[in-house]
Amino acid sequence: MRGTTMSPDGIHRRSFLVGGAAALTTAAATTAVTTATARAATAAAPRAAVLEYLDQWTKATGLSELLRRAGFTVVPLDPTLPATAQGVDLIAFGSFTNNGPVYPGYVTAQAASLRDFAAAGGTVLDLAQSDQLGAAVTYLPSELAAVRTDADYDTVLPVATDHPLVTALPVVGGRVLTGRSASIRVSWETVGSWRSMRVLLACTTGGTTPALLEGAHGTGRFLVTSLTVDKCFNSAGTAVQPAAAVQDSSSFFTALAGYVAAVRAGTAPAVVPTPMPAQPPVGPLVGHVDTGSARIWARPGLDPVAYPTWRCTVRRADGWSTAVDVPVSTANDNTLLVDVAGLQPATRYEFDIAPVAAAPGFALPAGSFTTSPAAGAAAVVTMGLGSCAPSDPNTVWTRIVDEGCDSFVMLGDNPYIDSGDLAVARTKHRTFLAQPELAHLIATTPTWFTWDDHDFGTNGVNGSFSGKANTRTAFVDYRANASFGHAADGTRLTTRTAGQGVYTSFRRGPVEVFLLDPRWFSTTAPSFADPTKTTCIGQVQWDWLRAALRASTAPFKAIASGMIWDDKGNAETDDWATYPYEKDAILDFLAAEKIPGCFLVSGDIHSSQALNYGPRIGYDLWQFVVSPLHGSTISGLNAGNPALVASAVQPYTFLKLVADTTVSPATLTATWIDRDGKRLFEVRRTATELGHPA
């Protein structure tokens, strides 16, 4: 180890040893003895296990050194041991450790032990992290939550002025932690939302951008902060902050030593959570609706601790009403999901959602829906379908309503997420559903969803995408389908919990739609159709699809996939031409089982097409491609195909599908329409032409 030298500010500095992402250690003891270290000489010093990372941006560190100066006995965090086996009072994660290899793996694998460590009286400190590997503090217990945002600040304000971690900091002009190096922002990835935690410091007035949060769990504490107070030295031990800033950091960690000891002794002040300010509400969203039930979703935006239970009241014109109370699900990003039963077929209902505890001045928009016609009843259903949706306000949604669509199907890329980060995915879903024109559509029209590449992951990805568990979580958090793929045991999953895939189906009068998931399972196992090749939809989904098609009595059956059923016509492999053996297995099954009324639906390619493959399944097989709902087209993907009947490279396009069983034979009319109401082309087929007996 190298020796001690003197810095210009009179503070001894030492060289630091950094091993990968392991904890930082020092070469010698500090010459300057603080009050805390003097106390530690006569009492057992609090112990801290530290994980630090010398990040590529600031090239600064210092957590271990500052804790030593504050009187802690510091040891490196042992990544092979659970938190409860570290033998310490404090576990401290330094700034930006989430960019190293140890932190992400440790907080995932040891999430339960971190919670147990706190429950038994330990303290966990999580300093500023970046959003590269995850914006949410994922290991917090279910009663707590903290989600970081992209916002960075140079100003920190005291909020809990009676708290020992705050009173220790000098206040200059109403601010704390002032006079720091301009090259290292004092608050990085500031927390944007929280639950059941107290705001101690914030970056703006009103405490709406917390810089330091305190949460209680058992007899211990979690401290989540966006502060970079540990960034005081470079790898050689030289101060990179002004002397006053180093002293501020020392004051914070000295106070932390007393705080950790008080937590361990059970004498720390009780945590009184700071209510989270109301966020803009999202929803309601009318999801799966059949002949006798409806599923309704919303994210109210009020603090779920203050308003944990919400009531959905549903009414119809004859005076009948019902009320369903549901909790806000903190596990599903503070959203709620209402299942309403006892409804009548082909009947209009209106509803509203409000907190059981009165919230003056707050109201979610009211909504409405019409239940499905009874199976076998003569009816006309007008269904809209589309893919590749805009995430900004757009009148394409208004046109869908104006065209009289009584239901809508989102075929994927709705919205474009392009990230495996859970907080990013949730934020983009909120932004998407909050668009005013879309908000009106989903509040008054039953809407079902599947995904494609950009809302499953990123462009062209398959089932090997590492972030797919996060994007699936966000999907089920913000959707109200009847089901979401299957559970680990292969059973159909109707709850918003961990599972595999998002495939589902529904029937609305004469039409049954089978929404496939060709993303989650793709390339993850051998194919059921050819074991020498990789699967697209997986064995369980294949078994489900065959059983569902056999059981269907709907005159018209849409087998829908966000992924196009042909070769896209470019170098990308996310199309059914990559898995021809499974496509053929599906079509051969339809032919062998003599299942009438089937046609294919897809999107993705930013152009629209109608294709007729001839009597492939015992009658003419059609594919309806509809894309995009947004304004970006790709003419190069409107590739020539011998089966092509009509096509258009037109932005803001959706498919209007009208199924009419009030006439004989029943008819299916598919019309491609843009947001201005222009009819691009149309296909009309009878039930007889789609394989039904004359």
Side-chain angles (χ1 to χ4, degrees), residues 282-299 312 314 322 324 326 329 332 335-351 353 367-375 379 381-386 400 405-412 414 429 433 438-439 441-451 455 472 474-487 491-497 499 501-517 541 544-545 548 551-552 554 557-560 562 601 657 659:
V282 183
L285 158 67
V286 180
H288 177 75
V289 173
D290 55 27
T291 56
S293 67
R295 188 166 250 196
I296 302 168
W297 172 98
R299 189 179 194 271
C312 179
V314 182
T322 188
V324 181
V326 296
S329 175
N332 296 105
T335 62
L336 55 87
L337 193 64
V338 184
D339 286 308
V340 185
L343 308 180
Q344 296 179 349
T347 303
R348 175 180 166 80
Y349 292 87
E350 296 182 348
F351 68 89
I353 301 174
S368 63
F369 59 88
T370 299
T371 50
S372 172
V381 162
T382 303
M383 183 180 294
L385 302 96
I400 292 165
C405 292
D406 56 43
S407 49
F408 196 81
V409 179
M410 301 277 190
L411 293 168
N414 38 244
H429 279 300
L433 295 178
L438 177 57
L441 170 70
I442 62 176
T444 56
T445 309
T447 305
W448 292 263
F449 295 78
T450 187
W451 59 18
D455 41 357
R472 186 187 180 279
F475 183 97
V476 303
D477 288 346
Y478 283 82
R479 301 290 180 255
N481 289 352
S483 60
F484 305 95
H486 61 259
T491 58
R492 180 170 172 263
L493 193 60
T494 59
T495 57
R496 299 190 298 164
T497 53
V502 298
Y503 60 90
T504 190
S505 65
F506 68 92
R507 179 168 178 176
R508 190 162 180 87
V511 181
E512 188 158 4
V513 179
F514 303 87
L515 287 171
L516 302 187
D517 179 355
Q541 186 175 187
W544 162 82
L545 177 62
S552 177
K557 305 171 186 69
I559 305 174
V601 179
L657 201 64

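Quick caveat, the model's predicted, so the values are computed rather than measured.
Put simply, OH on Y478 and CG on L337 are 13.0 Å apart, with the number rounded to the nearest 0.5 Å. Taken to the nearest 0.5 Å, the CD atom of E350 stands 6.0 Å off from the OG atom of S368. Note that the NE2 atom of H288 and the OG atom of S372 stand 9.0 Å from one another [nearest 0.5 Å]. Here the straight-line distance linking atom CD1 of I442 with atom CG of L433 works out to 4.5 Å at 0.5 Å rounding. Separation of atoms OG1 (T444) and CZ (F408) is listed at 12.0 Å; rounding is to 0.5 Å. One finds the CG atom of N332 at 10.5 Å from the CH2 atom of W297 (value rounded to the nearest 0.5 Å).
Applying the side-chain contact (heavy atoms from CB on, under 4.5 Å) criterion to A298, with sequence neighbours excluded, gives L336, I353, L364. Remark: D406 engages R508 in a side chain to side chain donor-acceptor pair (under 3.5 Å) (not counting sequence neighbours). In this structure F369 satisfies the ring-ring contact (aromatic ring centres under 6.0 Å, His included) test together with Y349, sequence neighbours excluded. Here S293 pairs with D290 under the side-chain contact (heavy atoms from CB on, under 4.5 Å) rule; sequence neighbours left out. With sequence neighbours excluded, the residues forming a ring-ring contact (aromatic ring centres under 6.0 Å, His included) with F475 are W451, listed by chain and number. Annotation: side chain to side chain donor-acceptor pair (under 3.5 Å) contacts of T504 (sequence neighbours excluded): S483. Every residue was checked against the salt bridge (Lys or Arg N to Asp or Glu O under 4.0 Å) condition with R479, not counting sequence neighbours, and none meets it. Under the side-chain contact (heavy atoms from CB on, under 4.5 Å) criterion, A558 pairs with V513, F599, V601, sequence neighbours left out. Considering only residues two or more places apart in sequence or on other chains, S552 meets the side-chain contact (heavy atoms from CB on, under 4.5 Å) condition with E512, F514, A554, K557. Judged as a side chain to side chain donor-acceptor pair (under 3.5 Å), and not counting sequence neighbours, S505 has no contacts. Listed by chain and residue number, nothing satisfies the side chain to side chain donor-acceptor pair (under 3.5 Å) test with T322 (two or more places apart in sequence, or in another chain). Every salt bridge (Lys or Arg N to Asp or Glu O under 4.0 Å) that R295 has, sequence neighbours left out, goes to D339.
With no hydrogens or angles considered, no side-chain donor-acceptor pair links T447 and T445 at under 3.5 Å. Using modelled atom types and a 3.5 Å distance limit, the side chains of W544 and H486 yield no donor-acceptor pair.
With contacts defined as side-chain heavy-atom distances shorter than 4.5 Å, the pair C405/M383 does not qualify. By the 4.5 Å heavy-atom criterion applied to side chains, L516 and L545 are counted as neighbours. L385 is listed as a side-chain neighbour of L657, based on a closest heavy-atom distance under 4.5 Å. Looking only at side-chain heavy atoms (C-beta outward), F506 and P446 stay at 4.5 Å or farther from each other. Residues T450 and M410 have side chains not in contact (no heavy-atom distance under 4.5 Å, counting atoms from C-beta outward).
The nearest pair of heavy atoms linking R472 to G501 is NE-O, 2.9 Å. For the residue pair L411 and A560, the shortest heavy atom distance occurs at CD2-CB, 3.9 Å. Smallest separation of non-hydrogen atoms from F449 and N481: O-ND2, 2.8 Å. When all heavy atoms of A379 and P510 are compared, the pair lying nearest together is O-CG, 4.0 Å. For T371 against T291, the heavy-atom pair with the smallest separation is CB-O, 4.0 Å. In plain terms, the two heavy atoms of G509 and V381 that are nearest each other are CA-CG2, 4.3 Å.
Using modelled atom types, no side-chain atom of R492 and backbone atom of T494 make a donor-acceptor pair closer than 3.5 Å. With D517 contributing its side chain and V502 its backbone, the two residues share a donor-acceptor pair below 3.5 Å.
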Checking side-chain contact (heavy atoms from CB on, under 4.5 Å) for the pair I400/L441: CA distance, chi angles, key distance, verdict? CA-CA 8 Å; I400 292 165; L441 170 70; 4.0 Å; yes
Could you walk me through whether V338 and V314 pass the side-chain contact (heavy atoms from CB on, under 4.5 Å) check? CA-CA 11 Å; V338 184; V314 182; over 6 Å; no
